[in-house]
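Take a look at the structure set out below.
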Amino acid sequence: MITSSSNAQVKQMIQLNKKARERRKQDVFIVEGLRMFREVPRDRLVKTYVSENFLEDPEHEALLQGIPYEVVKDSVFAQMSDTLTPQGVLTVVRQYHYTMEELMGEKEHPLFLVLEDLQDPGNAGTILRTGEGAGVSGVFLTKTCVDITNPKVIRSTMGSIYRMPFLYVEDVVSLEKKLKEKGIRSFAAHLKGENSYDHESYKGGTAFFIGNEGKGLTDQAADAADCLIRIPMCGKVESLNAAMASGILMYEAARQRRE
């Protein structure tokens, strides 16, 4: 059992939680919590750490059968955790890597989210989770976006990180050229949108461009889109949270495709 915060493994876990560079170097990310642990594909699981308190539950102990794990003193485990109220299980998972070809795939009418300079981890994770629910084919992120292996992003995906394909790209403009080659029409959520989002058709290959939380899309990204759309607002509200706006657009596309 690990009983000291000076233990090398404890120090390593703290570094993995804090530094994207360390996660990239080791090609892993950290998963916290019982639900996320249950859903980890076993072929991607590297190592698991559990607290003393976690093992007191017989059901938890049964879940660990056949899985290599280390027991950690409760007070030390709290230092390893990125949450205020740890659930007692931390898992190191091998990162996912997708290619442009895998995302574009052979699907006849793909549906994509393209995120430009999104900074909030909660938004990024929620978009991946909502994307899985809405049947999105994949999510593209510009290199200026939040690191998808950030522990807060991972928690917000609620397990969708294991299933939703994603890919970092240089910028929206260069990606738009590839989308056009595949016959995928792009729509930019923009305050200057000519038409309401529900007046367009998303039954063909579709990509929604979503911009930075505070500044929105850059002019270059908006200009690259085939069509600017807007989500009508009441009252004095000018715009919606990025994850909320993404969800509205994704589910409108899903609704149309069910008809």
Side-chain angles (χ1 to χ4, degrees), residues 103-104 109-146 148 153 156-157 160 164-180 182-259:
L103 259 74
M104 293 294 186
H109 301 300
L111 175 61
F112 295 117
L113 257 288
V114 180
L115 311 180
E116 182 186 45
D117 195 29
L118 207 71
Q119 296 299 305
D120 184 84
N123 278 339
T126 299
I127 287 171
L128 258 70
R129 181 185 180 190
T130 308
E132 182 183 8
V136 167
S137 309
V139 177
F140 292 100
L141 309 93
T142 62
K143 290 183 177 180
T144 54
C145 282
V146 63
I148 211 163
V153 175
S156 296
T157 70
S160 293
M164 175 54 59
F166 60 88
L167 182 68
Y168 279 88
V169 295
E170 192 64 39
D171 54 48
V172 174
V173 176
S174 59
L175 175 63
E176 169 61 10
K177 295 175 182 177
K178 292 183 173 62
L179 295 174
K180 274 188 168 64
K182 292 286 187 177
I184 297 167
R185 194 156 187 248
S186 58
F187 298 85
H190 202 281
L191 294 175
K192 295 181 180 178
E194 295 178 9
N195 296 328
S196 174
Y197 75 98
D198 53 354
H199 290 175
E200 297 288 344
S201 173
Y202 310 121
K203 292 184 178 181
T206 298
F208 292 119
F209 294 175
I210 302 293
N212 175 271
E213 291 89 348
K215 297 176 289 186
L217 288 166
T218 60
D219 291 341
Q220 294 91 330
D223 291 343
D226 292 314
C227 180
L228 300 184
I229 53 174
R230 57 184 171 79
I231 299 174
M233 302 289 164
C234 296
K236 295 183 179 180
V237 176
E238 289 187 355
S239 62
L240 293 178
N241 166 278
M244 178 63 74
S246 299
I248 289 171
L249 298 177
M250 287 187 277
Y251 269 91
E252 173 61 19
R255 182 193 67 78
Q256 291 186 14
R257 289 165 181 231
R258 286 197 302 272
E259 292 180 347

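Because only heavy atoms are used, hydrogens play no part in the values below, and waters and symmetry mates are left out as well, while side chains stay in. The chain is numbered in sequence order, starting from 1.
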Using every non-hydrogen atom in the two residues, find where Phe112 and Leu179 come nearest and quote the distance to one decimal.
CD1-CD2, 4.2 Å
His199 backbone acceptor or donor facing Ser196 side chain under 3.5 Å:
no
Asn241 and its side-chain hydrogen bond (donor to acceptor under 3.5 Å, both in side chains) partner, picked from Asn123, Asp120, Thr126:
Asn123
Under 3.5 Å, is there a donor-acceptor pair between the side chain of Glu213 and the main chain of Gln119?
yes
Where do His190 and Ala222 come nearest, in terms of heavy atoms and distance?
CD2-CB, 3.7 Å
Could you tell me which non-hydrogen atom of Ser186 sits nearest to which non-hydrogen atom of Phe209, and how far apart they are?
CB-CZ, 3.5 Å
In terms of heavy-atom contacts, Ile127 and Ala242 come closest through CD1-O, 4.2 Å
Donor-acceptor check, side chain of Asn212 to backbone of Asp117, threshold 3.5 angstrom: yes or no?
yes
Are the side chain of Tyr202 and the backbone N or O of Leu249 linked by a donor-acceptor pair below 3.5 Å?
no
Leu113 versus Thr130: any side-chain heavy-atom pair under 4.5 Å?
no
Main-chain N/O of Ala245 paired to Tyr197 side chain as donor or acceptor, under 3.5 Å
no
Within residues 192-212 or reaching into it, pairs that qualify as salt bridge (Lys or Arg N to Asp or Glu O under 4.0 Å) - sequence neighbours excluded
Arg185-Glu200
So which atom in Arg129 and which in Ser160 form the shortest heavy-atom distance, rounded to 0.1 Å?
CA-OG, 3.3 Å
What's the verdict on side-chain contact (heavy atoms from CB on, under 4.5 Å) for Phe208 and Ser246, showing C-alpha distance, side-chain angles and the deciding distance?
CA-CA 8 Å; Phe208 292 119; Ser246 299; over 6 Å; no
Could you pull out all residues at least two apart from Lys177 that satisfy salt bridge (Lys or Arg N to Asp or Glu O under 4.0 Å)?
none
So, taking the atom named CD1 in Ile148 and the one named CG in Leu141, what distance separates them when rounded to the nearest 0.5 Å?
5.0 Å
Would you compute the distance between atom CD1 of Ile210 and atom CG of Leu115 and round it to the nearest 0.5 angstrom?
7.0 Å
Any donor and acceptor pair, going by atom type alone, linking the side chain of Glu170 with main-chain N or O of Leu175 inside 3.5 Å?
no
Could you pull out all residues at least two apart from Gln256 that satisfy side-chain hydrogen bond (donor to acceptor under 3.5 Å, both in side chains)?
Glu252
Let me confirm one number: the CG-CZ distance from Leu128 to Phe166, rounded to the nearest 0.5 Å.
7.5 Å
Heavy atoms of Gly122 and Ser156 approach each other most closely as CA-OG, 3.5 Å
Given Pro110, which of Leu103, Val136, Ile184, Thr206 fulfils the side chain to side chain contact (heavy atoms under 4.5 Å, CB included) condition?
Ile184
Does the side chain of Phe140 come within less than 4.5 Å of Val172's, by heavy atoms?
no
Contacts of type salt bridge (Lys or Arg N to Asp or Glu O under 4.0 Å), residue Asp223, not counting sequence neighbours:
none
Could you work out, with side-chain hydrogen bond (donor to acceptor under 3.5 Å, both in side chains) as the rule, every residue matching Lys180, not counting sequence neighbours?
Glu176, Asp226
Tell me if a side-chain donor or acceptor on Arg257 pairs with a main-chain N or O of Gly135 at a distance below 3.5 Å.
no
With sequence neighbours excluded, residues passing side-chain contact (heavy atoms from CB on, under 4.5 Å) with Arg230:
Pro232
Could you go through the side-chain contact (heavy atoms from CB on, under 4.5 Å) check for Thr157 and Met164 one step at a time?
CA-CA 9 Å; Thr157 70; Met164 175 54 59; over 6 Å; no
